[in-house]
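In this text, all values refer to a predicted model and were calculated from it rather than measured experimentally. Both counts, for ligands and for their atoms, begin at 1 and track the order of listing. Heavy-atom basis, side chains included; hydrogens, waters and symmetry copies ignored.
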Amino acid sequence: MSHRDLSDLELRALAFVDERELVRDLVNLIAIPSVSGSDAESDVQHVLAKQLTELDLDTDLWSLDLPRLTSDPAFPGWEATRSEAWGLVASSGEGEPELVLQGHVDVVPSGDLGQWRTDPFTATVDGRDVRGRGTCDMKAGVVANLAAVRAIRSSGIQLSKPYAVQLVVGEEDGGLGAFATLDRGHRGKACIITEPTSGTITTANAGALTFELRVPGVASHGSTSYAGVSALEKFLPLHAALAALEERRNRDVHPLMAEYPVAYPLSIGKVSCGDWASSVPDLLVAEGRYGVALGEDPAAARTELEEAIADAAAADPWLRDHAPTVAWTGGQFASGEYAQADRALYDLVAAAHADVTQGPRPRERGAPYGSDLRLYAGAGMPTLHYGPGDVRLAHGPEEAVPVDELVAVTESLVLALLRTCR
Ligand SMILES: [Zn+2]
């Protein structure tokens, strides 16, 4: 790359960003299948703690007190059950960090292996992309966080103010790790979460609430189906009511969310119904995710869905007397917003990105999914997402990250650290 508006000091640090090293570190990290709730989720924290200690940072690696954290009224929820989990924070010095680089180390399961071209946890370099589970969501971001610190350390440049790396588990199923990190008292004056934003900066998250809908029926032999009540058929008007609710809630959305075809999706992800082909099913259980609007109280959003179900049930002769139930299970992500009044962090990251890419300042937008952003923003820290990869590839069998974005983000983080902590 050629450089514009960069000081000699900045050029000195950027010289220690090494593309081959970044790719190697990413491939190694993908090989640890740190699916949320798995043993490998704990293993990866220990591997990364060793790397952070080798960078001569003060490392806090601690075992989470799961009974206490999960019984806290503010606990954000989880879907994977764990008997152990680890927190990991590495700081360059005493005092509140000027800047925190944050990333989650857990990944979602691989899904149907038949849809993958290769083993999900054996990363492959494919042209200018690295492919594999967790590449963009978000091990490339984790690698960038460490590599930016490594570049600063290797350059020998002394930063007078402290900075920190915070690596968390359990982001994918609710935010256990971020909650525990804040609970332990770790803070910072500003936080960059290197979730994939493909050259944009995300300053707000919609929320997402996981719910379970149970629809009753009456079993009978399929040959006399008229003698029973099919829970599947009773689900259909409820499903239509949920679709109408989604449509209503997406008519007029926040400007940061306006680019999305559906800003706040309501989507059923899992349906189980019946246990025998020639029986009328007596129960349907549908599980889904429900988008929470920017600035919306999750409790109000829950009430709106419960009312939509109750209204649809009231219109059906069977459901009127056999009410379907809604339960709020698993991850409960409120929406979150980076303080719009404080533009310093956005300006810092936007200028750094423009300087390393020699392009325009990145576009600002909201994201339609929940993340740790809302927990950090809720704790009073200006927080945004800026990281390598395209979130549309996350959680799918084509998950990949462009090496060029991994390099550019790492370089931007180097500049952000230098410009904040000198
Ligand atoms: Zn993520």
Side-chain angles (χ1 to χ4, degrees), residues 26 29-30 32-38 40-41 44-45 48 76-80 85 88 100-111 120-121 123 130-146 165-181 191-208 210 265 269 289 291-292 330-336 338 365-377 383-402 405-406 409 413:
L26 178 56
L29 204 52
I30 297 302
I32 306 171
S34 51
V35 171
S36 310
S38 67
E41 190 188 38
V44 75
Q45 288 290 66
L48 290 164
W78 61 354
E79 290 170 29
L88 177 56
V100 171
L101 306 181
Q102 199 264 21
H104 67 81
V105 300
D106 60 320
V107 301
V108 296
S110 51
F121 296 105
V130 180
R131 196 172 287 282
R133 170 57 82 234
T135 43
C136 80
D137 189 15
M138 57 167 284
K139 286 180 168 170
V142 170
V143 164
N145 290 343
L146 266 72
V165 176
Q166 301 186 351
L167 300 179
V168 300
V169 300
E171 190 276 342
E172 295 289 358
D173 66 324
L176 165 68
F179 183 74
T181 299
C191 176
I192 300 171
I193 301 179
T194 45
E195 289 270 17
T197 58
S198 42
T200 69
I201 294 177
T202 296
T203 57
N205 274 150
T210 307
R289 68 84 75 190
V292 181
Q332 304 291 307
F333 293 85
S335 58
Y338 159 66
R365 60 174 173 172
Y369 50 84
S371 84
D372 285 344
L373 186 151
R374 96 285 191 196
L375 297 175
Y376 280 75
T383 303
L384 51 75
H385 288 182
Y386 167 71
D390 185 337
V391 71
R392 287 174 295 184
L393 298 179
H395 297 205
E398 295 288 326
E399 183 171 357
V401 70
E405 287 188 23
L406 174 55
V409 165
L413 296 178

Original post:
Do E398 and R131 come close enough that some side-chain heavy atom pair is under 4.5 Å?
Top reply: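 Side chain of E398 against side chain of R131, heavy atoms only: contact under 4.5 Å found.
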**OP:** Report the C-alpha separation of T200 and R365 in whole Å, then their side-chain angles, then the decisive distance to 0.1 Å, and conclude whether the side chain to side chain donor-acceptor pair (under 3.5 Å) test is met.
**Re:** CA-CA 7 Å; T200 69; R365 60 174 173 172; 3.0 Å; yes
**OP:** Let me see the working for S371 and H385 under side chain to side chain contact (heavy atoms under 4.5 Å, CB included), right down to the final yes or no.
**Re:** CA-CA 9 Å; S371 84; H385 288 182; 2.8 Å; yes
**OP:** Output yes if E172 passes the N/O/S-under-2.8 Å test against the Zn ion (ligand 1); output no otherwise.
**Re:**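 Checking the Zn ion (ligand 1) against E172, no N, O or S atom falls under 2.8 Å.
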Original post:
Where do E195 and Y369 land on the side chain to side chain donor-acceptor pair (under 3.5 Å) test, with the steps shown first?
Top reply: CA-CA 11 Å; E195 289 270 17; Y369 50 84; 5.4 Å; no
Original post:
At the Zn ion (ligand 1), what is the angle formed between atom OE1 of E195 and atom NE2 of H104, rounded to the nearest 10°?
Top reply: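 E195 OE1 and H104 NE2 form an angle of 110° at the Zn ion (ligand 1).
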**OP:** Could you pull out the atom name of the N/O/S atom in D137 that is nearest the Zn ion (ligand 1)?
**Re:**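 Nearest to the Zn ion (ligand 1) within D137's N, O and S set: OD1.
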